[in-house]
Amino acid sequence: MKFKGVTLNARTAVYLCLAVAFLIPLGMDPDGYLLRIVSMVVLFAAMAQAWNIVGGLANQLSLGHAAFFGLGAYTSTLLFIRQGISPWAGMLAGGVVAAVAMLLLSIPLFRLRGHYFALATLAFAEVLKIIAIHFADLTEGPTGITIPYGEPSFANFQFESNTSYYVVIVALFAVVSLIFWKLSTGAMGFRLRAIRENEQAAEVSGIDTYRIKLGTSMVSAFTMGMCGTVYAQFTYFFDPESIFSMTGISVRVALICIIGGMGRLWGPLIGACILIPLDEIAVNTMSDVAGLGPFVTSVILIAAIIYEPRGLISAWERLRRRAQKKHAAQSGQAAGAV
Amino acid sequence: MLAFIQSLLDGILLGGIYGVISIGLSLVFGVLGIVNFAQAQFMMLGMYAAWFAWDSLGLDPILGVPLTGAVIFIIGYAIEKLLLQPVLKAPPVAQIFLTVGLMILLENAVLLIFGSSFKSVVVSYQQSGLKIFGLFISVPYLFAFSAAVIVCIALWLFLSKTWFGRAIRATAQDENAAVLCGVNVKQVYALTFAVGVALTAIGGAVILPYMTVSPTVGGQFAILMFTVVVLGGLGNVAGALVGGLVVGVIQSLSAMVLPVQLQNLILFMVFIGILAFKPEGLLKEA
C-alpha cells in the first residue's frame with residue numbers, strides 16, 4: 001500500500017499500531033485504576049525483558065532476579081532517604097550494585113552446568129531477603145521502607161500525576177528493549193545464538209563463551225536494578241518479603257517470558273499483557289481464598305511448559321506457517337486444475 | 001569444651017535428618033538428571049501427611065513412617081508419570097520451570113486445603129531428654145535421628161540387594177546400556193522419583209515431634225538442601241548423607257556465635273564456596 005509516498009508494509013503497520021497503543025494511556029484518568037494496571041503491565045514487561053537478556057539470549061536461567069530488583073530498589077531509596085541523592089543517580093548506582101553482585105555470583109558458576117546457576121540465584125535472593133530483614137540498621141528491617149512524599153519534582157523522581165510515571169515506565173521498557181535488541185542482532189546476536197545452541201561448539205569456534213555470558217548477565221542485572229528503582233518510586237513502599245519474593249518477582253518475570261516467548265523481543269510485552277491483568281483479576285476476585293492466585297499461576301506455568309514451552313509467539317508463527325502452507329497447497333491445486 | 005561437644009552432638013542429630021531429606025534430591029538428580037526444585041515441598045507434604053495421620057488416627061509420626069512414605073510414594077509416582085515424563089528429554093528450561101511450577105503448586109494446594117495456620121503434634125516424649133556424661137540428648141531428636149538411620153539402611157539394602165535397586169543404579173550409570181539389558185527405564189524414572197520424594201517426606205515426618213508445620217516450611221529447607229547436595233556432590237547419594245552431617249554440624253556450631261536467623265547466610269556462603277573451589281563435592285566418586 002502506498003500512502004503519500006511512504007510504503008506501508010505489514011510490519012511497519014504493526015509498529016504504528018503499537019506506538020498508538022502506547023499513547024492511549026496518556027488520555028486515561030491520571031488517578032484511575034486502569035492507568036495503574038497499564039503501568040504495572042509495562043513495568044513487568046521491562047523487568048521480564050531484563051530477565052530475557054540473560055535467560056532468553058544467553059540461556060542462563062536465573063531463578064533469583066528478585067535479588068537484583070531488590071538491590072536496585074534498596075540502593076536508590078537508601079541513598080535518597082539518608083543522603084538526599086536524587087533517585088535518578090540512585091538508579092544508576094543501583095544498577096551498578098546489581099551488576100557487581102551478579103559478577104561475584106557468576107564467576108564461580110559459569111564454568112559449571114546450567115542448573116547450578118538456577119540454584120545459586122534462587123538461594124542468593126533468599127539470602128538477601130534474610131539480610132534485609134536482619135540488618136535493620138542498614139535496611140529498616142522487616143517493616144520495609146516508605147519513601148517520604150516530598151515536593152514533586154523531576155530531581156526527586158516524584159510526580160504529581162500518574163501519567164508522568166507511566167511515561168517514565170514506558171521509557172524504561174524502551175531502553176531495556178533497545179539493549180535487548182542490540183544484543184540479539186549483529187555479531188553479538190550470532191555469538192549468543194551459538195552459545196545457546198551448542199556451547200562447546202561455540203567455544204571451539206573461537207567465541208569466549210565465559211566472558212560473553214558474564215557480560216550479558218551483568219547487563220541483565222543492571223537493567224533489573226534500574227527496574228527496582230522505578231518500582232520503588234512508583235509504589236512509594238516496599239518490604240523485604242515482597243521485593244525479594246520468589247513467586248512474586250523471580251518466577252513471575254521468567255513466566256512472563258516463557259508465556260510470551262523466551263529470547264524474543266516482544267515476548268515480555270505479550271506475556272505481561274496476559275499474565276499481569278490475569279493476576280490482578282485473581283487478586284480482586286479471589287483474595288478471600290488464600291493461595292488461590294499463586295495456585296492458578298503455577299497451573300498456567302506447568303501447562304505452558306508442557307504444551308507450549310516456546311511461548312505464544314512461536315505458537316502463532318507455527319499456526320501462520322501452517323495456514324500459508326495450506327494456502328499454497330490450495331492455490332497449487334487450483335493452478336493444476338487450470 | 002562441654003558446650004562444644006554438646007553442640008557437635010546436636011549437629012550430628014540434626015545432620016542425620018538433613019541427610020535423609022537431601023538424599024531424595026540427589027537420587028532424583030543422579031537418575032533422572034533433573035534438579036527437583038519442588039523437593040523441599042515434598043518434605044512439607046510428608047509433615048502434613050504425618051500430622052493428618054496423628055490428628056485423625058492418633059498415629060505417632062515416627063511409627064507412622066511407613067504410611068507417610070507410602071502416601072507420598074504414590075503422589076510422587078503419579079506426578080512423575082503425568083508431569084515430569086513429558087519433559088525428561090526437553091531442554092533444561094522446561095525441566096527447571098516445571099519443577100518450580102510444581103513447587104508453587106504444592107505449597108498453595110496445601111494452603112488451600114489446610115490453611116496457613118501452624119500445625120503440631122503432641123506426643124508423650126516431646127519434652128523428655130537423657131543426660132549422659134553431662135551431655136543432654138533430646139529424646140525427640142534422638143528418635144528422629146534413629147528413624148533416619150534405619151531409613152538410610154533400608155535404602156542402601158534396596159539399592160544394592162534388590163533387582164530394582166540395581167536397575168536404578170544401572171540407569172544412573174548408563175541409560176542406553178540399561179535399556180539393552182532389558183530395564184524399563186521409564187518405569188525406573190517413575191519409581192526413582194517416587195522413592196526420592198518419599199524419602200524426603202519421611203525426613204519431614206520424623207521431625208514433626210519437635211517442629212511445627214505450615215505450607216511454607218519447605219522454603220526454609222530449600223537452601224539447606226541445596227547446600228547438602230552440593231557438598232556431597234550433586235547426584236551422589238552417599239555424599240548427601242555426609243553433606244547432611246556436615247551441614248548439621250556447621251549449623252549447630254555457628255549457632256554458638258551467630259543469631260539463628262543468619263544460619264542460612266552461613267549455608268549460602270558454604271554453598272558458593274563449594275561451587276567455586278570444589279564443585280564436584282567433598283566425595284569425588286560418583
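Since the structure is predicted, the reported quantities are computational estimates derived from the model, not experimental observations. Letters A, B, ... mirror the listed sequences (proteins, then strands); counts begin at 1.
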Is there side-chain contact between [X] and [Y], with heavy atoms separated by less than 4.5 Å?
{"X": "A:F135", "Y": "B:L262", "value": "yes"}
{"X": "A:L122", "Y": "B:I223", "value": "no"}
{"X": "A:H115", "Y": "B:Q95", "value": "no"}

Please classify the contact between [X] and chain A as side chain, backbone, both or neither, with a heavy-atom cut-off of under 4.5 Å.
{"X": "B:A94", "answer": "both"}
{"X": "B:F277", "answer": "neither"}
{"X": "B:F226", "answer": "side chain"}

Search all heavy atoms of [X] against all heavy atoms of [Y] and return the closest pair with its distance.
{"X": "A:S298", "Y": "B:G101", "value": "CB-O, 3.4 Å"}
{"X": "A:I305", "Y": "B:F97", "value": "CD1-CB, 3.7 Å"}
{"X": "A:A120", "Y": "B:F268", "value": "O-CE1, 3.8 Å"}

Quiz prompt | Heavy-atom pair count under 4.5 Å with chain B, highest-scoring of A:L61, A:L119, A:V127, A:L63 | solution = A:L119
Quiz item: Under the side-chain contact (heavy atoms from CB on, under 4.5 Å) criterion, do A:L105 and B:I272 qualify, and how do the steps go?
Solution: CA-CA 8 Å; A:L105 198 61; B:I272 288 288; 3.7 Å; yes
Quiz item: Between B:V110, B:L105, B:V100, which has the largest tally of heavy atom pairs under 4.5 Å with chain A?
Solution: B:L105
Quiz item: Counting heavy-atom pairs under 4.5 Å to chain A, which of B:I96, B:L106, B:N108 comes out on top?
Solution: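 Top count of heavy-atom pairs under 4.5 Å with chain A: B:N108.
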Quiz item: Do B:V93 and A:M262 pass the side-chain contact (heavy atoms from CB on, under 4.5 Å) test, and can you show the C-alpha distance, the side-chain angles, and the key distance before you say yes or no?
Solution: CA-CA 10 Å; B:V93 54; A:M262 270 175 65; 3.6 Å; yes
Practice problem: Show the numbers, then the answer: is there a side-chain contact (heavy atoms from CB on, under 4.5 Å) between B:L234 and A:Y116? | Solution: CA-CA 10 Å; B:L234 206 47; A:Y116 284 107; 3.7 Å; yes
Exercise. State the CG-NE2 distance between B:L258 and A:H134, to the nearest 0.5 angstrom.
Key: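 NE2 of A:H134 is found 8.0 Å from CG of B:L258.
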Practice problem: Let me see the working for A:I306 and B:L83 under side-chain contact (heavy atoms from CB on, under 4.5 Å), right down to the final yes or no. | Solution: CA-CA 8 Å; A:I306 290 181; B:L83 302 178; 3.8 Å; yes
